[in-house]
Amino acid sequence: MNPYQSLADPILSAFPELTSEDLAFSAPPNLEMGDVALRTFEAARKLSLAPPQFAARIAKEIAFGSDVKETFTAGPYVNFRLDREVYGRRIVERILREGPRYGSNETGAGKRALVEHTSINPNASPHVGRARNAMIGDSLVRLLRFEQYDVEVHYYVNDIGRQIALLVLSCEHPESLTFDDMLRVYAEANARAEEDPEFAAQGFELLARIEQGDEETKKRFRAVTDLCLKGQLAVLARLGISYDRFDRESDFVQDPRLETILDALRSKNALFTDEEMRLSVDLSKIGHPYEEGRFVALLRSNGSSMYGYRDIAYTIEKMDKGADLNLIVLGEDHRLYMQQVALILSAAGKSAPEPIYYSYILLKEGKMSTRQGKVVLLSDFLDEATARAAEKVEEQCKDLTPDERKVIAGQVAVAAIRFAILRVGANKNVIFDWDSSLSFTGDTGPYVQYSCARISSILRRFGKPVPEPSGGPFPVETGAEWALLTKLASFREYVATAVQQRSVAPIGQFVLETARFFTTFYHECPVLDAPEAQRNTRIQICAATRQTLENALGLLGIHALERM
RNA sequence: GUACCCGUAGCUCAAUUGGAUAGAGUGCUUGGCUACGGACCAAGAGGUUGGGGGUUCAAGUCCCUCCGGGUACGCCA
């Protein structure tokens, strides 16, 4: 139930043409103007009234209950002054009652979602740029699960292809190698292929052999890619990221379902053999609007398949599972490619997943480049961040065991990187810089965790169960308390926005604002030393804030710590 | 060259998706620990929202154009 439903109801019954979607309640620019504001543009338009006129009628004509103290207009806005006791109690009651579910709009109840993310090439340890994909994908999974979707997380393992072939050629005995060796071997193999056409050709031969189903070759590829995947997953697990399914690209060569795609393309005259004997698609025949990316090659002249061809089979596989929502997280470099895939599928009457794109993380010196060694590896970053957090935890949590402190330091490090990445809109380039990413002060994940730790500290010292909101008086006398409460009440809207935008960035904004409001409250409103009625109220506000922050941070994959 | 993404305070990012006076952090200046945890807080300075035009009651947000950055157009994946 919307805490402002009792404001909406009298308006809705006076103007039956309106629905509650037309009434946008929000916080006024400052508390002097009122406790809550109603913006009337949308509703006025529907009623063909001038917004200020409509606002005036609401203020004059409508009788609100006794819990509305005052109603006045400011041009197109109606501002309300409320009985803060009634509304504050209502907000806290709801949060404490719904607990870990608080904020969910439950839009995914009874629905299934399939999300593919990360899917990085197996030849390198993930750097923070690649990790952006994983963090965005993982946070969307958390968001959808919070909305009660039944989510299955898929990781597409690119276990065949030129890069892997070169890697396989270069390691005769993969069992004697570690994941870290692999990076060096890959770089060397790549360099060699550029200078040595013979070597490069061997790679393509190996590819052709695996497509023909040669068991021995398959085993060699498998050994190498398994080793790589294991190494990558271990790093991603440090960020709290995991997957339900690993789909291997090698399972989608020469998939029979591709025949129906080829038939459809043929019938639209979009399939042709180009001058280099590749089987290709002319997308302009099926609605591609411009010249670049007009042609897509599916099969090489020797009959082996190109990446896109296998990916189409994989995409069909995923779509055929019939989930209500299919998402895929892709780097911005895949924009055109994904359009091409979607177009080819649509020619055969099939649909493609909804892409979520993200832009690259850049270094101050320019783009990250694995080959030039201009990368920040995720594992290196986490090591450094954990070490820095550990110093602080050392002095703050002397009573905890070294193991406990270590866990906390790791969770602070995760909060730092996840928050830094996720709070930025995905389609923006971000400049990575060690200093600001390792900073734990200001607008950071650790700052929000710190607010949680402070709340926990108060609740610990209180030493009793949190009182029931229904019993006793519920004084809300300060602006700081009210501002915090209305912020908590707005969480559900942030979640709805996040779902709609397919981005958890608004949640990042929400936790910061909430933490900031809490800190103001913390400084202005003594809890434990307050008179009983006030103390009970404030303890409940603390508990509700903690619950809300915990839920919101959970969507970001960040632990709401009790100590740090 | 063409297409797509982005451009907001010195720097890193917000702005309820077209709505009240464009907000935070960081950096800089000043102040606050006999503390419910200083990984904090208070105050100050900092803006022609890249430039120009247009659409309307209203534009950082939509349209056109120019400038700057990113990405893509492979027998790579």
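Residue numbering restarts at 1 for every chain, and letters A, B, ... go by the order of the sequence lines.
Atom CZ of A:Arg248 and atom C1' of B:A77 are 16 Å apart (whole Å). The nearest whole Å value for the distance from the CG atom in A:Leu330 to the P atom in B:A72 is 13 Å. A:Arg39 has its CZ atom 10 Å from the P atom of B:G18, to the nearest Å. Rounded to an integer number of Å, the gap from CG of A:Asp435 to C1' of B:G25 is 15 Å. The interatomic distance linking A:Ile507 (CD1) with B:A15 (C1') rounds to 16 Å, in whole Å. In this structure, the CH2 atom of A:Trp434 is 19 Å from the P atom of B:U12, given to the nearest Å. Between the CD atom of A:Glu524 and the C1' atom of B:G32 there is a distance of 14 Å, given to the nearest Å. If you take CD of A:Glu394 and P of B:A39, they are 15 Å apart, rounded to a whole angstrom.
Within 4.0 Å (heavy atoms only), A:Arg45 reaches at least one base atom of the nucleic acid. Nucleic acid contact for A:Ala297: none, since no nucleic acid atom lies under 4.0 Å from a heavy atom of the residue. Residue contacts shown for A:Val393 include a base, since a base heavy atom lies under 4.0 Å away. Counting any heavy atom pair closer than 4.0 Å across all strands shown, A:Gly308 reaches no nucleic acid atom. If you check every strand for non-hydrogen atoms under 4.0 Å, A:Phe462 touches nothing. Among the atoms of the strands shown, none is found under 4.0 Å from any heavy atom of A:Ile539. Backbone-only engagement by A:Met306 is indicated by non-hydrogen atom pairs under 4.0 Å involving sugar-phosphate atoms exclusively. Residue A:Ile431 is classed as a sugar-phosphate contact, given heavy-atom separations below 4.0 Å to backbone atoms only. Across all strands, A:Glu249 comes closer than 4.0 Å only to sugar-phosphate atoms, never to a base (heavy-atom distances). Residue-level contact check: A:Val527 touches the bases, meaning some heavy atom is under 4.0 Å from a base atom. Backbone-only contact: A:Thr441 has heavy atoms under 4.0 Å from sugar-phosphate atoms and none from a base. Counting non-hydrogen atoms under 4.0 angstrom, A:Glu395 reaches nothing in the nucleic acid. Base engagement by A:Phe440 is indicated by at least one non-hydrogen atom pair under 4.0 Å involving a base atom. Contacts of A:Cys525 with the nucleic acid, taken as non-hydrogen atoms under 4.0 Å apart, include base atoms.
With B:C36, B:A77, B:A39 as the candidates, the nucleotide lying closest to the side chain of A:Met564 is B:A39. For A:Asn158, the listed nucleotide lying nearest its side chain is B:A77; candidates were B:A77, B:G70, B:C41. Taking every side-chain heavy atom of A:Pro28 into account, B:A20 is the closest of B:U21, B:A20, B:G37. If you check B:C36, B:U12, B:A39 against the side chain of A:Gln396, the one that comes closest is B:A39. Which of B:A24, B:C36, B:G38 sits closest to the side chain of A:Leu528 comes down to B:C36. For A:Asp333, counting side-chain heavy atoms from C-beta on, the closest listed nucleotide (B:U71, B:G37, B:A20) is B:U71. Side-chain atoms of A:Asp443 lie closest to B:G25 of the nucleotides B:G25, B:C41, B:U12.
For the P atoms, the distance linking B:G23 with B:G46 amounts to 14 Å, nearest Å. Only the P atoms considered, B:U16 is 15 Å distant from B:A24, to the nearest whole Å. Rounded to a whole angstrom, the distance from the C1' atom of B:G18 to that of B:U56 is 10 Å. Atom name C1', nucleotides B:G25 and B:A9: the rounded distance is 12 Å, in whole Å. Comparing B:A22 with B:C41, their C1' atoms sit 25 Å apart, to the nearest whole Å. Spacing of P atoms, B:G10 relative to B:G47, comes out at 6 Å, to the nearest Å. Rounded to the nearest Å, the gap between the C1' atom of B:A20 and that of B:G60 is 16 Å. Comparing the same atom, P, in B:A42 and in B:U26 gives a spacing of 11 Å after rounding to whole Å.
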Review point. Once each nucleotide of nucleotides 2-11 of chain B is scored for protein heavy atoms under 4.0 Å, what B/S/- sequence comes out, 5' to 3'?
Key: BBSSSSB---
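Applying the Watson-Crick and G-U wobble criteria (two distances, each under 3.5 Å), B:G38 pairs with nothing in any strand. Nucleotide B:U71 forms a pair with B:A3, judged by Watson-Crick or G-U wobble geometry with both contacts under 3.5 Å. As the counterpart of B:G44, B:C28 is assigned, both hydrogen-bonding distances of the Watson-Crick or G-U wobble pattern falling under 3.5 Å.
Side-chain atoms of A:Thr519 stay outside donor-acceptor range of the base of B:C40, with no qualifying N/O pair under 3.5 Å. Contact of A:Asn79 with B:A20 (side chain to base): a donor-acceptor pair of N or O atoms is detected under 3.5 Å.
Residue A:Arg454 has a polar side-chain atom (N or O) positioned under 4.0 Å from OP1 or OP2 of B:G38. At B:C41, one or more side-chain N or O atoms of A:Tyr447 fall inside 4.0 Å of OP1 or OP2 (strictly under the cut-off).
With sequence neighbours excluded, the residues that form a ring-ring contact (aromatic ring centres under 6.0 Å, His included) with A:Phe510 are A:Phe491, A:Tyr494. Evaluation of the ring-ring contact (aromatic ring centres under 6.0 Å, His included) rule for A:Phe517 yields no partner, not counting sequence neighbours. Every residue two or more places apart in sequence or in another chain was checked for a ring-ring contact (aromatic ring centres under 6.0 Å, His included) with A:His154, and none qualifies. Not counting sequence neighbours, A:Phe199 has no partner by the ring-ring contact (aromatic ring centres under 6.0 Å, His included) test. Qualifying salt bridge (charged side-chain N to carboxylate O under 4.0 Å, His left out) partners for A:Arg418, counting only residues two or more places apart in sequence or in other chains: A:Asp138.
At least one donor-acceptor pair closer than 3.5 Å links the side chain of A:Gln540 to the backbone N or O of A:Asn536.
The six-membered or imidazole ring of A:Tyr450 lies away from that of A:Phe518, with a centre-to-centre distance of 6.0 Å or more. Taking the six-membered ring wherever Trp is involved, the centroid distance between the rings of A:Tyr447 and A:Phe419 does not fall below 6.0 Å.
A salt bridge between A:Glu291 and A:Arg294 is present, with a side-chain N of the basic residue lying under 4.0 Å from a carboxylate O of the acidic one. Under 4.0 Å is where a charged nitrogen must lie from a carboxylate oxygen, and between A:Glu384 and A:Arg388 at least one such pair does. With respect to A:Arg310 and A:Asp255, no salt bridge is recorded, no charged nitrogen being found less than 4.0 Å from a carboxylate O.
The aromatic rings of A:Phe25 and A:Tyr4 lie tilted to each other, with the angle between the two planes from 30° to 60°.
Checking A:Leu336 against A:Ala37, the closest nucleotide of RNA chain B that is more toward the 5' end is the one next to A:Ala37. Mapped onto RNA chain B by nearest heavy atom, A:Arg294 and A:Ser305 fall at different nucleotides, with A:Arg294 at the one closer to the 5' end.
The ring of A:Tyr522 lies on top of the base of B:C36, close enough and flat enough: under 5.5 Å between centres, under 30° between planes.
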